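Here is the structure we will look at.
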Amino acid sequence: MGWNLKDGLRDCLVAAAPYGGPIGEFCFITLLRKIVSEYSFVDDLSLCLLQWKSGVVKQLGWTVSDDLLCVQEDGTVLVYDLLGGFKRHFSMGNEVSQSQVLETKIFHSPYGTGVAILTGALRFTLATNIDDIKLRRLPEVPDLQGAPSCWAVLTQDRQSKVLVANGSHLFVLDNTACTPVTPPGLSPQASSIVHMCVSFSYKYLALLTDSGLVWMGTFKDKFVLLLFSCRCRRPKSQQPSAVVMWDGLLLVVGECKETIQYHLDDDSILVPELDGVRIISGTHHELLQEVPGACEEIFKIASMAPGALLLEAHKEYEAASFGKCFLSNFPPEQFVSMCRDLRVLNAVRDYTVGIPLSLTQFKQMTIQVLIDRLVYRKLYPLAIEVCCYLKTPEYQGVSRVLKHWACYKVQQKEESDEVIAKAVSVKLADAAGISYSEIATKAYESGRTELAIKLLEFEPRSGEQVPLLLKMKKSPLALSKAIESGDTDLVYTVVMYLKNELNRGDFFMMLRNQPVALSLYKQFCKHQEQDTLKDLFNQDDDHEELGNFYVKASYKEQRLEARIAHLQSAVDEYYKAKKEFSAKTTEDEMRLLRFQRKLEEEKGEQLVGFSLHDTMTTLLSVGLHKHVEQLYKDFRVPDKRFWWLRLKALAEKEDWEELEKFSKSKKSPIGYLPFVEVCIKHHNKYEARKYVSKVTLEQKVKAHLAVGDVEGAAEAAIERRNESEIGTVLSRCAATTDHLLVERLNRAKATVAKK
């Protein structure tokens, strides 16, 4: 592994991402980030070289998405992508900035990548997710006079805590309290805990004391003792073990007393992994891992295990699957799946890719995460091949990779907008579930507005097009797209945005060029902004709508003078629009209002605001017949309407004498059957009979029946020789009391039927 560092890693900051991830190194003014293979002496793959020109770096670390974090002394955290592109920066707060960073830990939690900082004031500040910064200031550690001898971050029950050692005392800091804890069985000879480490799974804890003893245990609700003393037997398989390194010596220790020792030639760092430890030096990158049981059975001397025999068969016959032929009921799916996984692992372990994953790590991180890692490295063809080979669902595999490729493609400055737009459309033509708006957004953020517009033409969903067009200040195009979609809510969204962004004149002018948007905005103004509606009508010289506006406004006025003033404005607008009928009707309303006010002042009756019909009804009810006659003449009320109105009003008042006089005043334009019916309605047959004789012959039967005169109805029906009317009268006769009348009606009905 060619780091090209003369002095090794002694004076460097080094951080390696888990799951065979990239390595970042800070040395002097140069920041190197390199991807290396799993085993030693493999060619180096250098991703980028940066000249550092910012502040003093205290710590490096990697996010879950393979972004490099550089924590500076003032608490500023700079974020770079895998290829050295600066993405963003954020601060860990004013307190950290003022008291400076003493130590930093970068960790992974269920919420994402977190940063923990020990400040110069000996206080801890924690952020559990750098994508949603929420800083937490943890409680103070008792009697802490200087920097703690060691500390670590652990995650329990979705909560991140800090474990701090102050001499031989151990404390757990959470959001609310500082809790002292005592590891059971810790040697009393230890006066200080000099180093601690939390396992990859946050399940185990290892402590190294100044007396040379290592204590290991689990940390849940309490410590569980797993004590180690460095004399005697070797660690056993599947038992918790710790790797300790100092002065070129690497020790593997467990709960037994014997160690496994390795000698290191160069300064190295240890990186915990899910199933082992990565050892990184200036010349080597190795993985220390317990030999899996299956491998031990295959490769141990004189092994007769099935796997060992299959390996021998492979060496002799070059057929790894030959042994399947001798097994019955062997499901092939597991064999095929394993072969696929191994081929993928071999592909990504290649030195040109540099992701040295073990099978256990691959299963834990999932194929989706591996595809993401390939995408971060811009290895799009390999990512697509892996997706197709493993038959990943398209929306999770190929489509997702192509979207990332397109987002990267639109940021390339050396090609024209037309070339890139065509390349993206051709490549993504058959891909399912890709949002062109996301790609266009990336183009816009890269300063390529015209390319973004071209890409949006391929987006079938208007709801995705419009927001970006508004963001790009392409308001006319956004409005056109919203109208084409037929979605009124989307049109309203654009119109409201334009209303807030443009001055009133430009806003109205844009709406005039879009009749659909103008119509919808008018509907909005009718309910929400009446004054704006008036301005729209004025701008369009729409005098008829202005007249309607003034009429509606008049009904909201409490004072009569203001109401009449609005109505007069409406009359003027109607005349300008040459709407004679509307103008005359409005003038009549004004005359009625003045008449009502005059009568209110004279008679004390509440009339203002009543319709003409209600006004006349009210006047009739209080006996002001002359004023009713005046309204009848002044407003040219139709005769039929006036007679019906007066008839009902007098009947309601039960003024039968006035009703009779009214019936004799002149010939009734509505006939006299209504007189009969209204009297019956008010339970007065005596008065009703007075008008039966005046009813026309066609209505005689109905009138006689209304007053209960069956014989009179029979006479009228027989006289008219109407079979239907005769039948109606027959239905009202009683067979026992009216048998003579029934016989007469039946003879008449028979006679009518013969004709």
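Sequence positions, counted from 1, serve as the residue numbers for this chain. Remember, predicted model here, so these are calculated numbers, not experimental data.
- Residue pairs meeting the side chain to side chain donor-acceptor pair (under 3.5 Å) criterion with at least one partner in residues 106-125, sequence neighbours excluded, are Arg123-Glu140.
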For residues 385-397, which side-chain N or O atoms pair as donor and acceptor with protein atoms under 3.5 Å away, sequence neighbours left out?
{"unit_1": "Tyr389", "atom_1": "OH", "unit_2": "Arg343", "atom_2": "NH1", "d": "2.8"}
{"unit_1": "Glu394", "atom_1": "OE2", "unit_2": "Ala432", "atom_2": "N", "d": "3.3"}
{"unit_1": "Gln396", "atom_1": "OE1", "unit_2": "Gln368", "atom_2": "NE2", "d": "3.3"}

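- In the displayed structure, Asn500 atom CG is contacted under 6.0 Å by more than 12 heavy atoms of other residues, nucleotides or ligands.
- The line from OG1 of Thr104 to CE of Met92 is 8.0 Å long, rounded to the nearest 0.5 Å.
- Interatomic distance, CD1 of Ile269 versus CD1 of Ile280, reported as 4.5 Å (0.5 Å rounding).
- There is a side-chain donor-acceptor pair under 3.5 Å between Ser437 and Ser435.
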Intermediate values then yes/no, side chain to side chain contact (heavy atoms under 4.5 Å, CB included), Tyr497 and Thr493: CA-CA 6 Å; Tyr497 174 86; Thr493 299; 5.7 Å; no
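- Between Leu118 and Pro148 the shortest side-chain heavy-atom distance falls below 4.5 Å.
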From CA spacing to verdict: side chain to side chain contact (heavy atoms under 4.5 Å, CB included), Leu60, Ile106: CA-CA 8 Å; Leu60 301 179; Ile106 295 172; 5.9 Å; no
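- When every heavy atom of Val419 is checked against every heavy atom of Glu415, the shortest pair comes out as CG1-OE1, 3.4 Å.
- Side-chain contact between Val198 and Phe107 is absent, with no heavy atoms from C-beta onward closer than 4.5 Å.
- Side-chain atoms of Tyr19 do not come within 3.5 Å of backbone N or O of Met365 as any donor-acceptor pair.
- Here the side chains of Gln465 and Lys474 are not in contact, with every heavy-atom distance at 4.5 Å or above.
- Here the CZ atom belonging to Arg373 is positioned 9.5 Å from the CG atom belonging to Leu82, to the nearest 0.5 angstrom.
- Using a 4.5 Å heavy-atom cutoff, the side chains of Ile384 and Trp405 are not in contact.
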Derivation of the side chain to side chain contact (heavy atoms under 4.5 Å, CB included) call for Leu455 and Ile420: CA-CA 9 Å; Leu455 292 171; Ile420 292 179; 5.9 Å; no
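- Taking a 6.0 Å sphere around NZ of Lys413, one finds it holds more than 12 heavy atoms contributed by other residues, nucleotides or ligands.
- In terms of heavy atoms, Val252 sits closest to Ser241 at CG1-CB, 4.2 Å.
- Every residue two or more places apart in sequence or in another chain was checked for a salt bridge (Lys or Arg N to Asp or Glu O under 4.0 Å) with Arg158, and none qualifies.
- Considering every non-hydrogen atom in both Ala423 and Lys409, the closest pair reads CB-CE, 4.4 Å.
- Using a 4.5 Å heavy-atom cutoff, the side chains of Ile367 and Leu370 are in contact.
- Contact check for Arg377 versus Asp66: side-chain heavy atoms found under the 4.5 Å cut-off.
- For the atom pair CD1 (Ile371) and CZ (Arg400), the distance works out to 5.5 Å, reported to the nearest 0.5 Å.
- Val79 has its side chain within reach of Phe90: a pair of non-hydrogen atoms, C-beta onward, lies under 4.5 Å apart.
- Under a 3.5 Å cut-off, the side chain of Ser446 and the backbone N or O of Arg448 do not form any donor-acceptor pair.
- Of the possible polar contacts, none joining the Ser268 side chain to the Ile279 backbone as a donor-acceptor pair under 3.5 Å is found.
- Here the options are Leu173, Val164, Leu138, the test is side-chain contact (heavy atoms from CB on, under 4.5 Å), and the partner is Cys178; only Leu173 passes.
- Of the possible polar contacts, none joining the Trp62 side chain to the Pro18 backbone as a donor-acceptor pair under 3.5 Å is found.
- A distance of 6.0 Å separates CD in Gln98 from CG in Asn94, rounded to the nearest 0.5 Å.
- Here the OG atom belonging to Ser149 is positioned 9.0 Å from the CG atom belonging to Leu144, to the nearest 0.5 angstrom.
- In this structure, Cys150 and Met196 approach most closely via the heavy-atom pair SG-CE, 3.6 Å.
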Atom pairs and distances, donor-acceptor, side-chain atoms in residues 69-77, under 3.5 Å, two or more places apart:
{"unit_1": "Gln72", "atom_1": "OE1", "unit_2": "Ser54", "atom_2": "OG", "d": "2.3"}
{"unit_1": "Gln72", "atom_1": "OE1", "unit_2": "Gly55", "atom_2": "N", "d": "2.9"}
{"unit_1": "Asp74", "atom_1": "OD1", "unit_2": "Thr76", "atom_2": "N", "d": "3.1"}
{"unit_1": "Asp74", "atom_1": "OD1", "unit_2": "Thr76", "atom_2": "OG1", "d": "3.2"}
{"unit_1": "Asp74", "atom_1": "OD2", "unit_2": "Thr76", "atom_2": "OG1", "d": "3.4"}

Audit row: Leu359, Leu345, side chain to side chain contact (heavy atoms under 4.5 Å, CB included) steps and yes/no: CA-CA 8 Å; Leu359 181 62; Leu345 287 176; 3.9 Å; yes
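- In this structure the side chain of Gln361 reaches within 4.5 angstrom of the side chain of Asp275, judged on heavy atoms.
- Heavy atoms only, all atoms of each residue included: Val153 and Tyr202 are closest at O-CE2, 3.6 Å.
- Under the 30°/60° scheme for interplanar angles, the aromatic rings of Trp151 and Phe124 are found to stand perpendicular.
- Remark: side-chain polar atoms of Gln411 are paired, donor with acceptor, to backbone N or O of Cys407 under 3.5 angstrom.
- Considering only residues two or more places apart in sequence or on other chains, Phe362 meets the ring-ring contact (aromatic ring centres under 6.0 Å, His included) condition with none of them.
- Glu273 contributes a side-chain N or O that, together with a main-chain N or O of Gly20, makes up a donor-acceptor pair within less than 3.5 Å.
- Distance alone, capped at 3.5 Å, places no donor-acceptor pair between the Gln412 side chain and the Glu414 backbone.
- Taking the charged nitrogens against the carboxylate oxygens, Glu103 and Lys105 have no contact shorter than 4.0 Å, which rules out a salt bridge.
- The one candidate from Leu170, Val214, Val194 that meets the side-chain contact (heavy atoms from CB on, under 4.5 Å) condition with Leu207 is Leu170.
- We find that Asp417 and Lys454 are not joined by a salt bridge, their nearest charged nitrogen and carboxylate oxygen being 4.0 Å or further apart.
- A side chain to side chain donor-acceptor pair (under 3.5 Å) check over residues 420-433, counting only residues at least two apart or in different chains, returns nothing.
- Here the closest heavy-atom approach between residue Ala16 and residue Ile23 is recorded as CB-CG1, 4.0 Å.
- Residue-environment remark: CG (Asp132) exceeds the threshold of 12 foreign heavy atoms within 6.0 Å.
- Taking a cutoff of 4.0 Å between a charged side-chain nitrogen and a carboxylate oxygen, Glu464 and Lys481 do not qualify as a salt bridge.
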